[in-house]
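A short write-up of the structure that comes next.
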There are 2 protein chains.
Amino acid sequence: MDVGARLKAVRKMHGLSQRELAKRAGVTNSTISMIEKNSVSPSVSSLKKTLSGIPMSLVEFFSTDIDVIAKEPVIYRAEELLEMNAGDISMKIIGKNRSNRAMSFMDEVYPVGSDTGEEMLSHEGEEAGMVVAGVLELTVGHEVYHLSPGDSYYFESSRPHRFRNTGEEDCRLISCTTPANF
Amino acid sequence: MDVGARLKAVRKMHGLSQRELAKRAGVTNSTISMIEKNSVSPSVSSLKKTLSGIPMSLVEFFSTDIDVIAKEPVIYRAEELLEMNAGDISMKIIGKNRSNRAMSFMDEVYPVGSDTGEEMLSHEGEEAGMVVAGVLELTVGHEVYHLSPGDSYYFESSRPHRFRNTGEEDCRLISCTTPANF
DNA sequence: TGTGAGTGTTCATTATATGTAACATTAAAC
DNA sequence: GTTTAATGTTACATATAATGAACACTCACA
């Protein structure tokens, strides 16, 4: 991660000179020069102060992809979607071949009786989804929910959760998680 | 933003002592102590090095919400979903009443002839979606795509884009954007 | 051909962060 | 009670970053 190059790119992108940004941010131009040349590793507070002149948050600074947006594919045909299997659950991941994704967007099919398992799932991030066909039993924490087509959910992935198809037909679910898990 | 408190929380969450983390990260325990007490503002490089012992990225560190996970609602019934209208396009937002969301997960309906407009959209983030019914014309950059049910897309929202229903029936789309725009 | 306002860089000084090694406190083991 | 190993904190020396004032350079304009 090239902090200097990124700051330079961000600054240029906003049409600011080192001195102009320095004035707005309340730091000196030499500080910015040194940071951009990677002659120093700025403290969190000074980087934050510097970015306040843009303005830009630290999250944005570290997550924004300055690199050229590669000519990534945009659309994924239904018949081309690669099917993955986790147990008997089928998942088709949209954008799987992209270099970096912020999300995992998926078309999932839970066959009758399928289950992510008694051991509850728990991981970083957030997830949301909508049932398109069939019924789904969703457990989050100590609550159990039953979802029909058109019903949806949104929760923090750190909360223990479990998906089951307790119905009598396959359940199809369109879901999304962030960050990308798959 | 309380860097010290956050580091402490993250460290505790992973069951590490200052010394243990220090050893894994290749810094000294006193450095960690000082950072956690906010007696110093660590340099980006030393914070990064410190987090490598967790391990955790800078993005995660600055974006992770350590605050207590509020008792947010989890599921949203089809009939309860609030319908929003942008022109003649209908959008139902999942999780709208949540305090903070990383994503906008939506159930959208594009009536025949509807269009996000000649002026292409362009904003921060990434977006993905899958057509559930009808057909959709998606323009990204200079490319025009036609999607049928089961087809999907994933692209950087900074790329100019436009959605149109050029078909002869309503188009239903389940989509997600990050960060949350709606 | 200056001249002036802009650009980014560099140097010496000052301020701040980090490493080393000590300290005090707690909890478990004997 | 004493020991032992763990915890987090602190003091001082050293390393590093930030400041303020110079410097060299480019470009527009007279």
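By convention in this document, chain letters (A, B, ...) are assigned in the order of the sequence lines, proteins followed by strands, and residues within each chain are numbered from 1.
- Between K8(B) atom NZ and dT7(D) atom P there is a gap of 14 Å when expressed in whole angstrom units.
- Side-chain atoms of Y154(A) and E126(A) include a donor-acceptor pair closer than 3.5 Å.
- If you check dT20(C), dT10(C), dT9(C) against the side chain of Q18(A), the one that comes closest is dT9(C).
- For V40(B), the side-chain atoms get nearest to dA17(C) when compared with the rest of dG8(C), dT19(D), dA17(C).
- Relative to the side chain of T31(A), the nucleotides dT19(D), dA17(C), dT10(C) differ in distance, and dT19(D) lies closest.
- In this structure, S90(A) OG and R172(A) CZ are separated by 10.0 Å, a value rounded to the nearest 0.5 Å.
- Regarding L21(A), its CG atom lies at a distance of 14 Å from the P atom of dT9(C), rounded to whole Å.
- Between the side chain of R19(A) and the base of dG6(C), no donor-acceptor pair of N or O atoms lies under 3.5 Å.
- For S17(B) and dT7(D), the shortest distance from a side-chain N or O to OP1 or OP2 is below 4.0 Å.
- Distances shown here put every side-chain N or O of T28(A) at or beyond 4.0 Å from the OP1 or OP2 atom of dG20(D).
- Side-chain proximity of R11(A) to the nucleotides dA18(D), dG8(C), dT18(C) is greatest for dG8(C).
- Put simply, CD1 on I32(B) is 17 Å from P on dA6(D), counting in whole angstrom units.
- Counting any heavy atom pair closer than 4.0 Å across all strands shown, S43(B) reaches sugar-phosphate atoms only and no base atom.
- One interatomic measurement links the two molecules: NZ of K37(B) to C1' of dA17(C), which rounds to 16 Å at whole-angstrom precision.
- Remark: the S30(A) side chain and the dG8(C) base include no donor-acceptor N/O pair separated by less than 3.5 Å.
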Start with the C-alpha gap between Y153(A) and F163(A), add the side-chain angles, then the distance that decides, and say whether ring pair (Phe, Tyr, Trp, His ring centres under 6.0 Å) holds.
CA-CA 12 Å; Y153(A) 62 86; F163(A) 295 91; 5.5 Å; yes

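- As a whole-Å value, the separation of K23(B) NZ from dA6(D) C1' is 12 Å.
- The distance between atom NZ of K49(B) and atom C1' of dA17(C), rounded to the nearest whole Å, is 12 Å.
- One N or O on the side chain of N165(B) and one on the backbone of E169(B) form a donor-acceptor pair closer than 3.5 Å.
- If you measure from atom CD of E36(B) to atom C1' of dT10(D), you get 15 Å, rounded to the nearest angstrom.
- Mapping L16(B) and S39(A) onto DNA chain D by nearest heavy atom places L16(B) at the nucleotide closer to the 5' end.
- Here the side chain of V27(B) is nearest to one of dG19(C), dG20(D), dG8(C), namely dG19(C).
- At whole-Å resolution of the value, CG in N29(A) and C1' in dA24(D) are 14 Å apart.
- Checking side-chain atoms of N38(A) against main-chain N and O of G4(A) turns up a donor-acceptor pair under 3.5 Å.
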